[in-house]
Amino acid sequence: MNKSEKRTKLVEKIETHLRMTARNLVKFDTIQETLDFTVESFQLEFSWDFVAIVLREDDILYPKVWKGGSPHFADSFPIHLSECSPEILEEGWDISRKKESSLNCKFYKLMKNERISTWFTVPLKDDGISYGFCIIGFHNFVPLISEVEQIFVEFGKDVAVAMQLAKEKEFEKRKLSSIRWVNENVTPGSSMEELVQKVLELSCQGTMAEDASIYLFNESENCFYLQSPLIGSPKLEETIAVRGENKLSTYFPFFEKSGGFQLSVPLVVNLKTVGMIHLANKAMGAFTVGDLELLKFLSNHVAALFENARLYLNEIYLKQRLQRIMGYQQELVKETLYGEDFDVITDTLSRLLSCSIILFDRFFRYISIHLENEDEYSLPDIYSLIEKEKAKIGKEKRGIWLGDLKKDSTSIGFWPVIGSGELLGYLAIITNKNAVDEVTNLTIGHALNVYAIQFIKQKLIMETKEQVKDSYITKLFEEKIEDKAKIVEYATLMNIDLYRPHRIAVLKLEEESLPSHSNLIEREAEKASEWDHMKEQLYLKYKEIIVTKRDDMMILMIPVEREKDLASSYWGELYQYLREQPIFKKLSLTIYMGVGGATDKLEDYYYAYKQAMHAYNVSRNGFPKNGPVIFDELGSYSLLNNLKDPELADLFLKKYLAPLMDYEKGSGADLLNTLRAYLFNNGNLKNTMDVLFIHRSTLRYRLERIRDILDMNLEDAETRLNLMIAYKLHDLYQSS
């Protein structure tokens with residue numbers, strides 16, 4: 001047999017062997033088995049010194065199977081493609097045919113260190129995808145047969161196809177194994193710790209990772225929290241806060257990225273990321289695409305389990321929380337039945353919600369307060385915010401959150417306390433509004449009802465006390481006091497010393513004008529509400545004042561020593577204080593006040609009250625109409641008040657003013673008021689015109705009419721005196 005025939009026979013042998021090997025490769029289920037068979041078949045059939053299969057993972061080369069070579073061959077890997085000749089993965093790569101520039105290739109140097117003098121590579125490539133290459137080498141020089149180059153290239157394609165099939169089989173097998181393992185080891189009732197442990201064990205088994213951990217996402221806090229237990233000893237952050245940037249790769253640099261020594265895959269349920277599986281330090285080489293695909297499959301399979309476990313834990317937490325809330329609510333309800341103030345309710349609610357609570361009345365004065373330590377320094381900011389936003393708070397019927405109080409986004413929420421359709425107050429809660437969930441809203445709603453009940457209860461108690469007080473105190477102002485001992489006994493229980501000198505005053509509020517579209521019932525209800533508010537203001541400002549009501553008049557009793565010998569100054573200040581209350585601007589009210597004398601014994605209360613009423617009549621009918629009228633300062637009014645026979649006053653009035661009164665009833669002319677202004681301005685026409693806001697000709701006309709009706713000379717001093725006395729008697733004994 002000549003040399004040519006031997007060469008042809010060798011080529012046929014190699015081709016036949018490679019064809020048979022390729023047929024057998026599709027029988028194997030794993031890549032490892034496929035490549036092991038390939039290398040073994042080469043070693044058994046041919047006397048090659050070195051055979052190895054080097055795989056590519058991204059841009060990294062690492063040996064998968066090899067026969068021959070030194071014990072340190074694998075230690076030279078991994079090798080980055082950038083360190084090798086760009087032609088190393090190309091078809092028919094033969095070092096003997098390459099340029100000198102290729103000799104800088106790290107893989108070439110490795111072959112030289114392994115003392116492989118002749119070698120060639122077979123690319124493992126299918127549909128343009130390179131999986132690596134197979135290398136065949138000899139220690140001694142062996143001439144390469146060019147005819148087999150294409151045969152090996154085709155064989156390389158067959159090996160690549162077989163690898164892909166094996167990979168798919170292996171992946172399916174790993175998936176089935178993973179599902180079976182999960183089903184056998186993870187039960188729906190597993191705790192979160194057990195679930196984390198099992199999933200990490202399975203992840204490590206499937207990818208050969210040495211370190212593994214799981215982060216779960218807390219949506220309310222917008223953070224990933226590291227869960228225990230961990231596998232291995234990874235150095236990881238306990239908390240990863242999500243700030244601004246929503247790309248997961250920002251917080252997990254190895255997010256779904258193979259080819260590295262760490263790998264992160266998300267746990268996703270209904271397109272929502274609920275957590276992250278993180279692996280590190282693979283036992284051999286870098287994490288492959290197969291590892292990534294397996295971990296993705298595993299995460300898809302167990303993500304729902306984590307979500308269910310989280311929901312189960314939330315359900316347990318909510319159940320415990322609701323049980324705690326029910327306990328607190330029983331305390332709150334009990335307090336409304338037996339308690340007499342708001343502080344216990346506020347303290348209980350603060351403990352329940354773990355935040356600061358402030359209760360205000362409807363005029364934004366705080367009634368009850370419980371502050372956490374860190375909120376004590378925020379009180380000035382809170383009051384400033386309330387003052388600024390009063391109008392906005394008042395319009396909101398379901399609650400409103402105002403601006404942040406601190407850097408950590410703590411806000412203040414306001415809810416109106418409403419009972420029987422009436423605004424009773426406001427509940428303020430200082431907390432992070434993002435942490436307020438449905439259970440918290442439910443708790444707040446219940447607390448508002450409890451507060452409303454307590455408001456109504458206290459209002460009923462106060463009204464009852466007021467009614468009892470009014471029924472007893474007003475008996476003091478009767479001409480004949482019955483059952484003095486009982487009145488004194490009740491006053492003592494109310495901490496009122498009736499034998500202490502008091503001054504009596506009466507006042508009444510009257511509307512200057514009533515809007516044509518006004519609802520009278522609503523108007524009266526509003527006036528009653530504002531009247532109550534005014535009483536509250538008086539109690540706050542004047543500590544020892546006693547306020548009661550008789551008919552539509554308010555009666556005030558104040559110890560005389562409070563005046564400090566300056567009755568006019570004291571009562572003028574009190575009058576002005578009342579005038580400054582919002583009620584006057586809101587309802588366009590005028591206040592008329594009369595101040596009587598001082599008491600020394602029980603019988604004096606009636607006379608002091610009568611004096612106050614006479615002073616009120618002067619205030620109501622006299623000039624000017626602002627400020628209190630004090631009986632002791634009335635001058636001639638005091639003398640006229642002591643008339644023993646009121647009928648004399650009536651006769652005097654009929655003689656001097658009755659004709660003018662009778663004329664006014666039919667004409668509608670304001671002659672009675674014109675004459676009063678003229679007399680009390682000493683007949684000065686200019687001053688009278690200024691007071692009445694009328695023209696000189698109008699005033700002259702009116703005075704002529706008055707002279708004709710009364711048939712009197714208004715220039716006569718005696719006539720003027722009698723007319724002025726008639727007006728003063730009218731002020732004292734008749735209310736217009």
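Contact record, A612 with I504: CB-O, 3.7 Å, taken as the closest heavy-atom pair. I412 and A428 get closest at one heavy-atom pair: CD1-CB, 4.0 Å. Nearest heavy-atom pair, D670 versus R702, reported as atom, atom and distance to 0.1 Å: O-NH1, 4.0 Å. Closest of all the heavy-atom pairs between G627 and S619 is O-OG, 4.3 Å. Across every non-hydrogen atom of I367 and D343, the tightest pair is O-OD1, 4.5 Å. The two residues I430 and C355 make their nearest non-hydrogen contact at O-CB, 3.2 Å.
Two residues are said to be in side-chain contact when any heavy atoms from C-beta on lie closer than 4.5 Å; L578 and L507 meet this criterion. The shortest distance between side-chain heavy atoms of V560 and E563 falls below 4.5 Å. Contact check for F364 versus E387: no side-chain heavy atoms found under the 4.5 Å cut-off. Looking at M712 and N722, their side chains never come closer than 4.5 Å, going by heavy atoms from C-beta outward. No side-chain heavy atom of I357 sits under 4.5 Å from any side-chain heavy atom of F342. In this structure, M557 and L498 have side chains that are in contact, with non-hydrogen atoms separated by less than 4.5 Å. Side-chain contact between Y678 and L685: present, with at least one pair of heavy atoms (C-beta onward) separated by less than 4.5 Å. Using a 4.5 Å cut-off on side-chain heavy atoms (C-beta onward), M593 and L574 make contact.
Summarising the local packing, CG of D711 is surrounded by 12 or fewer heavy atoms from other residues, nucleotides or ligands at distances under 6.0 Å. More than 12 heavy-atom neighbours from other residues, nucleotides or ligands sit within 6.0 angstrom of NZ on K390.
Of the possible polar contacts, none joining the Q611 side chain to the F631 backbone as a donor-acceptor pair under 3.5 Å is found. With hydrogens and angles ignored, the 3.5 Å screen pairs a side-chain donor or acceptor of Y575 with a backbone N or O of I591. At distances below 3.5 Å, not a single donor-acceptor pair connects side-chain atoms of R707 with backbone N or O atoms of N713. Here the side chain of S350 pairs no donor or acceptor atom with the backbone of T346 at under 3.5 angstrom. A distance-only check finds no donor-acceptor pair linking the side chain of T599 to the backbone of Y605 [under 3.5 Å].
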Apply the test side chain to side chain contact (heavy atoms under 4.5 Å, CB included) to residues I400 and E389: give CA-CA distance (whole Å), side-chain angles for both, the deciding distance (0.1 Å), then the verdict. CA-CA 11 Å; I400 184 174; E389 303 289 355; over 6 Å; no

Stepwise, does the side chain to side chain contact (heavy atoms under 4.5 Å, CB included) test hold for L349 with V450? CA-CA 11 Å; L349 185 60; V450 172; over 6 Å; no

Test D497 against E544 for side chain to side chain contact (heavy atoms under 4.5 Å, CB included), laying out the working first. CA-CA 11 Å; D497 183 4; E544 293 185 87; over 6 Å; no

Start with the C-alpha distance between E573 and Y542, add both sets of side-chain angles, then the distance that settles side chain to side chain contact (heavy atoms under 4.5 Å, CB included), and finish with yes or no. CA-CA 11 Å; E573 178 190 320; Y542 301 92; 3.8 Å; yes

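The residues R362 and E422 are annotated as not salt-bridged, no charged nitrogen and carboxylate oxygen being separated by less than 4.0 angstrom.
How far NE2 of H614 is from OH of Y609: 10.5 Å, rounded to the nearest 0.5 Å. How far CG of L423 is from CZ of F455: 9.0 Å, rounded to the nearest 0.5 Å. How far NZ of K610 is from OH of Y607: 10.5 Å, rounded to the nearest 0.5 Å. One distance of note links CD1 of I545 with NE2 of H502; it measures 10.5 Å at 0.5 Å rounding. Note that CG of N441 and CH2 of W415 are 7.0 Å apart. Values are rounded to the nearest 0.5 Å. Separation of atoms CD1 (I418) and CG (N449) is listed at 10.5 Å; rounding is to 0.5 Å.
Each salt bridge (charged side-chain N to carboxylate O under 4.0 Å, His left out) pair with one or both residues in residues 445-454, not counting sequence neighbours, would appear here, but there are none.
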Under 3.5 Å, which donor-acceptor pairs do the side chains of residues 691-701 form with other protein atoms, sequence neighbours left out?
from	atom 1	to	atom 2	distance (Å)
H695	ND1	S697	N	3.2
H695	ND1	S697	OG	3.0

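A search for side-chain contact (heavy atoms from CB on, under 4.5 Å) contacts involving D347 returns H370, not counting sequence neighbours.
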